[in-house]
2 protein chains.
Amino acid sequence: MAFAATDRPLKRGALARRFGCNIETIRYYENIALLPAPERTRSGHRIYSPADQTRLGFILRARELGFSVEELRSLLSLADSHEYTCGEVLTLTRGHLTDIRTRIKDLARLEHTLADISAQCEGGDVPHCPVMDALLKDG
Amino acid sequence: MAFAATDRPLKRGALARRFGCNIETIRYYENIALLPAPERTRSGHRIYSPADQTRLGFILRARELGFSVEELRSLLSLADSHEYTCGEVLTLTRGHLTDIRTRIKDLARLEHTLADISAQCEGGDVPHCPVMDALLKDG
DNA sequence: GTAGTCCCTGTAGTAGATACAGGTTCAAGA
DNA sequence: TCTTGAACCTGTATCTACTACAGGGACTAC
């Protein structure tokens, strides 16, 4: 995805295509106040300025990096303040990194357990299975 | 968690304590038909037989192994048929294992990207941050 | 004018639980 | 027997981060 702003206003559909996101996602971000309510045409169609587009790019990139919406709110409020320090951002980033590493560890443990159990399987038409045994046996 | 059935009926609270799960989870599994509707006392309290308990244990163990509820439905229907083969179970397990490995890879890529970016941070009171740059820059 | 595409709104659905309110019932002690 | 507090019942709301849909208005090209 490009996530690149244009130098002219765009409507919602064009914005979604430009940023490679779902059109409904944009309205969603407005609903939860990540994006400000944009200008409208007289008939009510949303018009996204270059600044709006840049902000959407920020949001989408942060989401691609796995930041949760709440973490993103913190990032945005830092960015909006124009007075953030590297230390503040780094603290948020490190917290997020810790979450990711925890998730990786949990999944790796899972993967290991499952691989171990299924390695004992013969497969085929045998009417008995180590995976089922593992699920059925009392711990 | 023990996930071990007793040889006597239990009410919902005792069952939850026994299996180390949330009491509401048991009702939830009944609602989505993973657990059958159990016997009731005359006044309507649920009574879980040893067989019900064994089934809950199966469900909780499968969830601990990361099987989704839908995968679990398949596993349970195999287990209920009493005619499953190792091959059938193995197919489900391998599909699940593939999912897990994909998730691990995605997270590892994320971790790598984030670690790379934040390694460029000086931290502290510096009013400039490579993480913010990465989020702000057009792709 | 009209056809087709876009956009608008509100609402519901997804996974997998968890929490809560408001009302019974149970079990133990006085 | 009465009372008190815990446990149980039901239905519904909440969470994350979207996505989808229905029913209608607007815009563009021919």
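Letters A, B, ... mirror the listed sequences (proteins, then strands); counts begin at 1. Values below: all heavy atoms of this structure, side chains included; hydrogens, waters and symmetry mates excluded.
The closest side-chain donor-acceptor pair between A:S49 and A:E39, if any, does not fall under 3.5 angstrom.
Distance CD1 (B:I59) to P (C:dG16): 13 Å, rounded to an integer number of Å. C:dA15 atom C1' lies 14 Å from atom CG of B:D99, rounded to whole Å. Atom CD1 in B:I26 sits about 15 Å away from atom C1' in C:dG16, given to the nearest Å. Between B:R42 atom CZ and C:dT25 atom P there is a gap of 11 Å when expressed in whole angstrom units. The interatomic distance linking B:L35 (CG) with C:dG16 (P) rounds to 15 Å, in whole Å. When the C1' atom of D:dC15 is taken as reference, atom CG of B:N22 falls 14 Å away, rounded to whole Å. Distance CD (B:E30) to P (D:dC8): 14 Å, rounded to an integer number of Å. Separating the CG atom of B:N31 from the P atom of C:dA15 is a distance of 15 Å, rounded to the nearest angstrom.
By the 6.0 Å contact criterion, CZ on B:R8 is open, its count of non-hydrogen atoms from other residues, nucleotides or ligands being 12 or less. Within a 6.0 Å sphere centred on CZ of A:R94, other residues, nucleotides and ligands contribute 12 heavy atoms or fewer. In the displayed structure, B:D125 atom CG is contacted under 6.0 Å by at most 12 heavy atoms of other residues, nucleotides or ligands.
Nucleic acid contact class of A:F67 (heavy atoms, under 4.0 Å, all strands): none.
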Sequence-aligned protein contact record of nucleotides 5-10 of chain C, with B where the base is within under 4.0 Å of a protein heavy atom and S where only the sugar-phosphate is: --SSBB

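Taking side-chain N and O atoms only, A:Y28 has no distance below 4.0 Å to OP1 or OP2 of D:dT19. Using a 4.0 Å cut-off, some side-chain N or O of B:T25 falls inside it from OP1 or OP2 of C:dT18.
Between A:R27 and A:E24 there is a salt bridge, with a side-chain nitrogen of the basic residue lying less than 4.0 Å from a carboxylate oxygen of the acidic one. Comment: B:R103 does not engage B:D106 in a salt bridge, judged by the lack of any side-chain N to carboxylate O separation of less than 4.0 angstrom. Between B:R73 and B:E70 a salt bridge is recorded (basic side-chain N to carboxylate O distance below 4.0 Å).
Remark on DNA chain C: of its neighbouring residues B:T41 and B:V69, the 5'-side contact belongs to B:V69, judged by nearest-heavy-atom nucleotide.
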